[in-house]
Asks: 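Provided herewith is a single structure, encoded as structure tokens, for subsequent inquiry.
Letters go in sequence order (proteins before strands), and every chain restarts at 1.
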2 protein chains.
Amino acid sequence: MEIEKVRLLLMQIIKVQNSFKAKVQSKLNTMKLDLTFEMLQVMVKLWQEDGINQQELSRRLLKDKSSLSYVLNNLEKRNLISRKEDKSDKRNKILLVTDSGLELKSIFYPAIREIYKELSIDLNESDIDNMYAELIKLDDIINKLK
Amino acid sequence: MEIEKVRLLLMQIIKVQNSFKAKVQSKLNTMKLDLTFEMLQVMVKLWQEDGINQQELSRRLLKDKSSLSYVLNNLEKRNLISRKEDKSDKRNKILLVTDSGLELKSIFYPAIREIYKELSIDLNESDIDNMYAELIKLDDIINKLK
DNA sequence: GGATAATAGTTGAATATTCAACTATTATCC
DNA sequence: GGATAATAGTTGAATATTCAACTATTATCC
């Protein structure tokens, strides 16, 4: 009855994902950051790679360009990022982290680090490694389905 | 560097979840079902437990009641379900699958079964078991975080 | 039995996602 | 060099989610 096991596995992945996102969001709400999980995903990438264009960010995050545009609008509205026209190709927008956006980094990272640290206490490193490797494989298989 | 491994693990879980949902949605689109992954999640539960009330369904699906109400509106609009007042407590709505809703079952199940079957070919049963057990544990840990 | 508290489900606002259509810009073709 | 094709990013419509506020109903209290 392997099919049923695969189904249960996928449903459990969805469940963990929902739990994790809800927990992070709850933490963000407690900190009164007025930011969502998705916004922070974008910020994290821009902290790592300031000056990237939207298309590249969309590719890195595996996020639809229109969906990304919407999130970026909200980040720009909060003065955490700014968009700048790429002089060498006016179709491109370069994304820059503002000073406020940089300040946020030093607030967010300790909080998210704490969540990961708490999780790591009860997780066994070789289990993490195994799970990670299997999930990489699973993602690959899913993407190869017709 | 366990914290980084936990982070990568969670990001991979989110990635797998996104890939899977996108693949199922793509399949639904190919079949011209005019239904979303979320709608089908609800239908699957109602096929299993016709006559359940909204609150119980919300609990079973771990889905917010207002979000569920929205999805149910769309299913009712498509004449796949109907809502019926619970005579013993007028606050409750009983959810019933229509004939059209039942017909959908015999269309959807073969399709989703095929996806699970394809996935199971390349997955090793003991790996599935291990991953499932670890994800159950992970979900528990996440939900216990303060 | 009436007042108050709790509850099921609904709805609105804001967020995010997907797809389609669009505009301005660049690349390619002849 | 101009016409056509391709591209980056935007926006709208519909879907879904979250939270707050609400209404009608039921439970509890005195």
Asks: Are any of B:Asn74's side-chain N or O atoms less than 4.0 Å away from OP1 or OP2 of D:dA16?
Replies: yes
Asks: Examine D:dC22: is either OP1 or OP2 under 4.0 Å from a nitrogen or oxygen in the side chain of B:Arg91? Give yes or no.
Replies: no
Asks: Would you mind telling me which of D:dT10, C:dA16, C:dT18 lies closest to the side-chain atoms of A:Asp64?
Replies: C:dT18
Asks: If only side-chain N and O atoms of B:Lys63 are considered, is one of them under 4.0 Å from the OP1 or OP2 phosphate oxygen of D:dT17?
Replies: yes
Asks: Think B:Gln55 has a side-chain N or O under 4.0 angstrom from the OP1 or OP2 of C:dA8?
Replies: yes
Asks: Measuring to OP1 and OP2 of D:dT15, would you say a side-chain N or O of B:Gln25 lies under 4.0 angstrom away?
Replies: no
Asks: Any Lys/Arg nitrogen of B:Glu4 or B:Arg7 sitting under 4.0 Å from an Asp/Glu carboxylate oxygen of the other?
Replies: yes
Asks: Sort out the partner of D:dT18 for me: Watson-Crick or G-U wobble, both distances under 3.5 Å, none otherwise.
Replies: C:dA13
Asks: Do any side-chain nitrogens or oxygens of A:Arg78 fall under 4.0 Å of OP1 or OP2 in C:dA14?
Replies: no
Asks: On DNA chain C, does the nearest nucleotide to B:Ala22 precede the nearest nucleotide to A:Ser88 from the 5' side, or the other way round? Give the residue.
Replies: B:Ala22
Asks: Do the ring planes of B:Phe108 and B:Trp47 sit parallel (below 30°), tilted (30 to 60°) or perpendicular (above 60°)?
Replies: tilted
Asks: Ignoring backbone atoms, test whether A:Lys65 places a side-chain nitrogen or oxygen under 4.0 Å from the OP1 or OP2 oxygen of C:dT18.
Replies: no
Asks: Which of these passes side-chain hydrogen bond (donor to acceptor under 3.5 Å, both in side chains) with A:Gln54: A:Lys93, A:Arg83, A:Lys65?
Replies: A:Arg83
Asks: Of the options C:dA16, C:dT11, D:dA16, whose atoms approach the side-chain atoms of A:Thr36 most closely?
Replies: C:dA16
Asks: Rounded to the nearest angstrom, tell me the gap between atom OH in A:Tyr70 and atom P in C:dT15.
Replies: 5 Å
Asks: Look through every strand shown and name the nucleotide pairing with C:dA27 as Watson-Crick or G-U wobble, where both distances are under 3.5 Å.
Replies: D:dT4
Asks: What's the closest nucleotide to the side chain of B:Met39 if the choices are D:dT15, C:dT25, D:dT10?
Replies: D:dT15
Asks: For the pair A:Arg78 (side chain) and A:Asp34 (backbone), establish whether a donor and an acceptor sit closer than 3.5 Å, ignoring hydrogens and angles.
Replies: yes
Asks: By nearest atom, which of the nucleotides C:dA16, D:dT17, D:dT11 is closest to the A:Glu38 side chain?
Replies: C:dA16
Asks: Report yes if at least one side-chain N or O of B:Ser69 is closer than 4.0 Å to OP1 or OP2 of C:dT10; otherwise report no.
Replies: yes
Asks: Distance-only, no hydrogens or angles: does the B:Ser26 side chain make a donor-acceptor pair with backbone N or O of B:Ala22 under 3.5 Å?
Replies: no
